[in-house]
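No hydrogens, no waters, no symmetry mates; every other heavy atom, side chains included, goes into these values. Here the structure is a predicted model, which means the values were calculated and not measured.
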Amino acid sequence: MWKYENFLEYPVNIKNPNPDFAKLILTQIGGYSGEIGAAMRYFFQANTMPTEDGKLLLKEIATEELAHVEILYEMVRMLTADAKITNDFAPNYAEHKYGIYPVDATGNPFTATYFASTGDVIADLTEDLAAEEKARACYEHLMDLTNDKDILAPLSFLRQREIIHYARFAELLKKYQGIEKSPS
């Protein structure tokens, strides 16, 4: 069970609306390397971890990924607040107005095929490492597309969290690989 506390893990204060960039941010919500897919992947994999600390780690990171969705939602809200609708953002506006619908940057909707859960601890943790690297890379690509410090700051924070998640998964994978190699 969660206890929700009403504050963002990282503050967002975007002053300049930019609906075109908001459309790009949506990819880290609903794209193949996005936060919704990561959260669901880790929740579904958690109960197949062979130790309680492994289960807890995946659930904790899954929960944090949902907090990242909240940061990204706030970024999209601020990037579209009182903004003139552009041709790039118009398709989203036509279907959702300023509502947030989880899609990638080209408009493909979120799908459960974006995450894997095999029941094999080594395969799943290897998938998780790759997922964190894909998310890190996407944040870096987004950062390459703007010089707005108000956008860069939360993106940089989110990128750094991907690096930390990668390290935590790498530690757990190493632990489980050691368990598998130990004689019974």
Side-chain angles (χ1 to χ4, degrees), residues 1-10 24-76 96 99-143 154-184:
M1 183 52 93
W2 290 273
K3 178 182 177 187
Y4 178 76
E5 296 181 25
N6 190 21
F7 67 90
L8 293 178
E9 185 181 20
Y10 187 89
L24 299 176
I25 295 273
L26 290 175
T27 203
Q28 276 304 86
I29 296 172
Y32 78 93
S33 66
E35 303 289 3
I36 292 173
M40 294 300 100
R41 174 186 301 109
Y42 308 149
F43 276 128
F44 284 106
Q45 292 173 353
N47 289 324
T48 64
M49 294 295 120
T51 62
E52 287 305 313
D53 63 325
K55 291 175 185 180
L56 181 60
L57 177 66
L58 267 72
K59 290 176 186 176
E60 286 175 349
I61 293 176
T63 299
E64 185 177 352
E65 300 292 7
L66 292 175
H68 296 171
V69 171
E70 190 173 30
I71 291 168
L72 293 164
Y73 277 3
E74 187 64 11
M75 291 180 74
V76 170
H96 312 289
I100 295 174
Y101 185 72
V103 295
D104 67 17
T106 58
N108 297 308
F110 174 78
T111 172
T113 60
Y114 288 163
F115 63 88
S117 180
T118 67
D120 180 284
V121 173
I122 303 303
D124 284 350
L125 286 171
T126 302
E127 166 74 19
D128 299 345
L129 291 169
E132 294 297 324
E133 282 296 285
K134 288 184 279 188
R136 178 203 48 80
C138 189
Y139 281 122
E140 289 175 1
H141 299 161
L142 288 168
M143 292 168 72
L155 292 178
S156 179
F157 169 80
L158 293 166
R159 176 194 169 278
Q160 186 61 31
R161 295 307 301 162
E162 303 303 340
I163 293 168
I164 292 167
H165 294 168
Y166 180 94
R168 300 284 312 277
F169 286 137
E171 292 167 3
L172 187 61
L173 177 60
K174 185 176 179 180
K175 173 184 173 178
Y176 288 158
Q177 287 172 327
I179 290 171
E180 285 192 353
K181 293 176 184 175
S182 298
S184 302

Separation of T126 OG1 from L173 CG (nearest 0.5 Å): 5.0 Å
Nearest heavy atoms of P154 and I71, plus distance in Å: CB-CG2, 4.2 Å
CE on M75 to CG on L8, rounded to 0.5 Å: 11.0 Å
Close side-chain approach of E65 and R41, heavy atoms under 4.5 Å: no
Pairwise distance OG1(T118) to CD(E127) - rounded to 0.5 angstrom: 8.5 Å
Separation between CG of L125 and CG of L58, rounded to the nearest 0.5 Å: 6.0 Å
Contact check, side chains of E35 and R161, non-hydrogen atoms, under 4.5 Å: no
Test item: side-chain donor near acceptor, Y10 and Q160, under 3.5 Å: no
Taking every non-hydrogen atom, the tightest pair across F43 and K59: CE2-O, 4.1 Å
P50 side chain near V121 side chain, heavy-atom distance below 4.5 Å: yes
Shortest non-hydrogen separation from V103 to P109 and the atoms involved: CG1-CA, 3.8 Å
N-O pairing of R159 and E162 below 4.0 Å: no
Close side-chain approach of Y114 and M40, heavy atoms under 4.5 Å: no
Heavy-atom side-chain contact between I163 and Y166 under 4.5 Å: no
S33 side, atom OG; E132 side, atom CD - distance, nearest 0.5 Å: 10.5 Å
Flag side-chain contact, heavy atom, 4.5 Å: Q28 against L155: no
Gap separating the OH atom of Y139 from the OG1 atom of T27, nearest 0.5 angstrom: 10.0 Å
Residue pair L26 / V76: nearest heavy atoms and the distance that separates them: CD2-CG2, 4.1 Å
Sub-6.0 Å ring centroid separation between F169 and Y42: yes
Side chains of D128 and I61 in contact at under 4.5 Å (non-hydrogen atoms): no
Heavy-atom side-chain contact between Q45 and F115 under 4.5 Å: no
Cationic N near anionic O, under 4.0 Å, K174 to E171: no
Stepwise side-chain contact (heavy atoms from CB on, under 4.5 Å) test for I100 and H96: CA-CA 7 Å; I100 295 174; H96 312 289; over 6 Å; no
Basic-acidic side-chain contact under 4.0 Å: R136, E140: yes
D124 to G119 - nearest heavy-atom pair and separation: OD2-N, 3.2 Å
Closest non-hydrogen atom pair between G31 and D104, with its separation: CA-CB, 3.7 Å
